[in-house]
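We count ligands from 1, going down the list as the structure has it; atoms in each ligand are counted the same way. For clarity, every value in this text was computed on a predicted model and none was experimentally measured.
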Amino acid sequence: MSFTGTLDKCKACDKTVYFVDLLSVDGITYHKACFRCSHCKGTLAMSSYSSMDGVLYCKPHFEQLFKESGNFSKNFQTSKIFN
Ligand SMILES: [Zn+2]
Ligand SMILES: [Zn+2]
């Protein structure tokens, strides 16, 4: 039985992925068009991308957003206290 459609859904937009649009990375399915950094919308290479909870980032933005998350949560807590 060969079936050209797929029941896979894109991890990024949660819509059905058709075979022509399918990009599978580490067993996770994306639309080709959805395989881009959610921060800068830059196209990603399969060899260099990062993901967090199914959200894709380019390496620079992943590091910027998550490696510095110590600062982020500090700021967050500070603003909470002052509110
Ligand atoms: Zn998609
Ligand atoms: Zn980016």
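With rounding to the nearest 0.5 Å, the separation of OG in Ser24 from CZ in Phe35 is 10.0 Å. Atom OG of Ser38 is separated from atom CG of Leu65 by 7.5 Å, given to the nearest 0.5 angstrom.
Contact detail for Arg36 and Lys41: the closest heavy-atom pair is NH1-O, 2.9 Å. Cys13 and Cys34 get closest at one heavy-atom pair: SG-SG, 3.9 Å.
Under the 4.5 Å side-chain contact rule for hydrophobic residues, Val55 and Leu44 do not share a cluster.
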TODO: Test Leu56 against Ser51 for side-chain contact (heavy atoms from CB on, under 4.5 Å), laying out the working first.
DONE: CA-CA 4 Å; Leu56 297 161; Ser51 71; 3.8 Å; yes
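Taking a cut-off of 2.8 Å, the protein N, O or S atoms nearer than that to the Zn ion (ligand 2) are Cys37 SG, Cys40 SG, Cys58 SG, His61 ND1. Distances from the Zn ion (ligand 1) under 2.8 Å pick out these protein N/O/S atoms: Cys10 SG, Cys13 SG, His31 ND1, Cys34 SG.
Ring pair Phe66/Tyr57 is perpendicular by interplanar angle, where above 60° counts as perpendicular and below 30° as parallel.
With sequence neighbours excluded, the residues satisfying side chain to side chain contact (heavy atoms under 4.5 Å, CB included) with Ser48 are Ala45, Lys59. Checked against side chain to side chain contact (heavy atoms under 4.5 Å, CB included), Ile28 has the following partners two or more places apart in sequence or in another chain: Lys11, Tyr30.
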